[in-house]
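This structure is a prediction, so every number in the text was calculated from the model and none was measured.
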Amino acid sequence: MGGRVAKTKSTATKKGAFALVAGIGTGILYWKTGWPLGVVGTVGTLYLTAQWFIFRAKNGMRF
């Protein structure tokens with residue numbers, strides 16, 4: 001059972017890290033290029049963040 005919990009935590013951490021990196025990248029896009037590319041980055045960031053949130057909620061993990 002401990003292996004499954006560790007794997008779930010690891011997956012949640014990876015999903016959260018991808019969402020965080022996407023958010024930082026989106027901020028850089030807004031800063032360097034303006035709003036058109038920033039909006040595209042925002043959509044991607046929102047998708048990754050939602051996937052992370054849904055994964056944690058389905059697995060009963062605290063925030």
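Looking at heavy atoms from C-beta onward, Tyr30 lies out of side-chain contact with Leu37 at the 4.5 angstrom threshold. Looking at Arg56 and Lys15, their side chains never come closer than 4.5 Å, going by heavy atoms from C-beta outward.
Distance alone, capped at 3.5 Å, places no donor-acceptor pair between the Thr49 side chain and the Ala19 backbone. Of the possible donor and acceptor atoms, none in the side chain of Ser10 sits under 3.5 Å from a partner among the backbone N and O of Ala6.
Using modelled atom types and a 3.5 Å distance limit, the side chains of Thr42 and Thr26 yield no donor-acceptor pair.
Note that the OG1 atom of Thr11 and the NZ atom of Lys7 stand 6.5 Å from one another [nearest 0.5 Å]. Here the CD-CZ distance, from Gln51 to Phe18, works out to 13.0 Å after rounding to the nearest 0.5 Å. Here the CH2 atom belonging to Trp52 is positioned 9.5 Å from the CE atom belonging to Met61, to the nearest 0.5 angstrom.
The hydrophobic clustering, which links ILVMFWY residues whose side-chain heavy atoms are closer than 4.5 Å, places Ile28 and Leu20 together.
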